Every structure is written in C-alpha cells, then in structure tokens.
Undergrad: 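One structure coming up, written as structure tokens, with questions to follow.
Computed from a predicted structure; not experimentally measured.
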Amino acid sequence: MVKRASEMKTELREQMRSGKGSVELIHILNREEMKGKVRLFARIVLNPGCSIGLHEHVDEEEAYYILKGKGIVTDNGQTTEVQAGDVILTGDGGTHSIENNGDEPLEFIAVVMLYN
C-alpha cells in the first residue's frame, strides 16, 4: 500500500483535551488501514503557545516522537523539556500533556496502541 500525502485527512481541533489553541492532526493511516490495535497514527502540529491538555490512557498507550521544535511534556506528574529526536511513552493508566513553549511549530508523530 502507498498512501500519498494528498490522501491524508487533516483535522483542526480547538482546545484539544482542554489544552490551549488549535491542534492540527494529519491522519497518516486510519484504524481500518492499520488492521490492528492502533487507534491513532498521526502527525501533530502545535503552534507556539498551543497545547494538548492533560489526559489519561487506560487500556492503551500513546507514543509521541518529536520531529521538529521544542516543548514541555508532563508525563505522570513529571515535567520535562523535549526536542526533536525525543520520544515519550505514556500508558497503563498514566497521564500526559504537551505544550509548545518555543517560537516555531512543534511537530510530532502520535501513535495510540490498544492493549486489547
């Protein structure tokens, strides 16, 4: 299968998970295309000052792989600065949030994998 960038659905969400500003999601592959236990596979763009609010992952885990920019991640109560090349993995009832604290877009791949 080859899927062209022009075939990927782009979605804008306001105050995602009670975060700040707009979040752009580019859905790389959807759940049906993955044919497995993946609920989300997307490239996410957060402009400066935007964030995805604190949320929990039960019976699943989410990985963020930072492509560009920098940000602040709160993972299970611990706050850490992240930049291109870093990965964050949250699951098993854990919580996380991410905010762009830089002056350029923060871009990352997000994958939500289901346990069952």
Undergrad: What distance separates H96 NE2 from T79 OG1, expressed to the nearest 0.5 Å?
TA: 13.5 Å

Undergrad: Do you know the tightest heavy-atom contact between G102 and P48?
TA: O-CB, 3.4 Å

Undergrad: Are I109 and I88 connected into the same hydrophobic cluster when the rule is that any two of I, L, V, M, F, W, Y join if their side-chain heavy atoms are below 4.5 Å apart?
TA: no

Undergrad: Quick one: closest heavy-atom pair of M34 and V38, and the distance?
TA: CE-CG2, 3.9 Å

Undergrad: Same hydrophobic cluster for F41 and Y65, using side-chain heavy-atom links shorter than 4.5 Å among ILVMFWY?
TA: yes

Undergrad: More than 12 heavy atoms of other residues, nucleotides or ligands under 6.0 Å from CD of Q78: yes or no?
TA: no

Undergrad: With sequence neighbours left out, write down each residue that passes salt bridge (charged side-chain N to carboxylate O under 4.0 Å, His left out) with E60, or none if nothing qualifies.
TA: R39

Undergrad: For K70, is there an ion pair with E81 - N to carboxylate O distance below 4.0 angstrom?
TA: no

Undergrad: What are the two closest heavy atoms between E99 and G49, and how far apart are they?
TA: OE2-O, 4.4 Å

Undergrad: Is there side-chain contact between V23 and L46, with heavy atoms separated by less than 4.5 Å?
TA: yes

Undergrad: Can you tell me which residue pairs pass the side chain to side chain donor-acceptor pair (under 3.5 Å) test with a partner in residues 102-113, sequence neighbours excluded?
TA: R43-E107

Undergrad: Decide side chain to side chain contact (heavy atoms under 4.5 Å, CB included) for E61 and D92; before the verdict, give the C-alpha distance in whole Å, the side-chain angles of both, and the deciding distance to 0.1 Å.
TA: CA-CA 7 Å; E61 58 190 6; D92 202 22; over 6 Å; no

Undergrad: Same cluster for V2 and I28 if Ile/Leu/Val/Met/Phe/Trp/Tyr side chains link at under 4.5 Å?
TA: no

Undergrad: Quick check: closest heavy atoms across G93 and E56, and the distance to 0.1 Å?
TA: O-OE2, 3.3 Å

Undergrad: Do R13 and I52 have side chains that get closer than 4.5 Å, going by heavy atoms?
TA: no

Undergrad: Mind checking whether F108 and Y64 have parallel, tilted or perpendicular rings, split at 30° and 60°?
TA: tilted

Undergrad: State whether the side chain of K68 and the backbone N or O of P105 hold a donor-acceptor pair below 3.5 Å, judged by distance alone.
TA: no

Undergrad: With hydrophobic residues grouped by side-chain heavy-atom distances under 4.5 Å, do L40 and V45 end up in a single group?
TA: no

Undergrad: If you define the side chain from C-beta out and look only at heavy atoms, does anything of H27 sit under 4.5 Å from L25?
TA: yes

Undergrad: State, yes or no, whether a side-chain contact exists between I98 and I66 at a heavy-atom distance under 4.5 Å.
TA: yes

Undergrad: State the OG1-CG distance between T90 and N76, to the nearest 0.5 angstrom.
TA: 6.0 Å

Undergrad: Minimum heavy-atom separation for G19 and S51, please, with both atom names.
TA: CA-OG, 3.4 Å

Undergrad: Considering non-hydrogen atoms only, spot the tightest contact between L106 and N100 and give its length.
TA: N-ND2, 3.1 Å

Undergrad: Between H55 and G53, is there a donor-acceptor pair closer than 3.5 Å when you use the side chain of the first and the backbone of the second?
TA: yes

Undergrad: I need the single residue from I72, T74, D75 that forms a side chain to side chain contact (heavy atoms under 4.5 Å, CB included) with S97. Which is it?
TA: T74

Undergrad: Can you tell me how far the SG atom of C50 sits from the CD atom of E14, to the nearest 0.5 Å?
TA: 8.0 Å

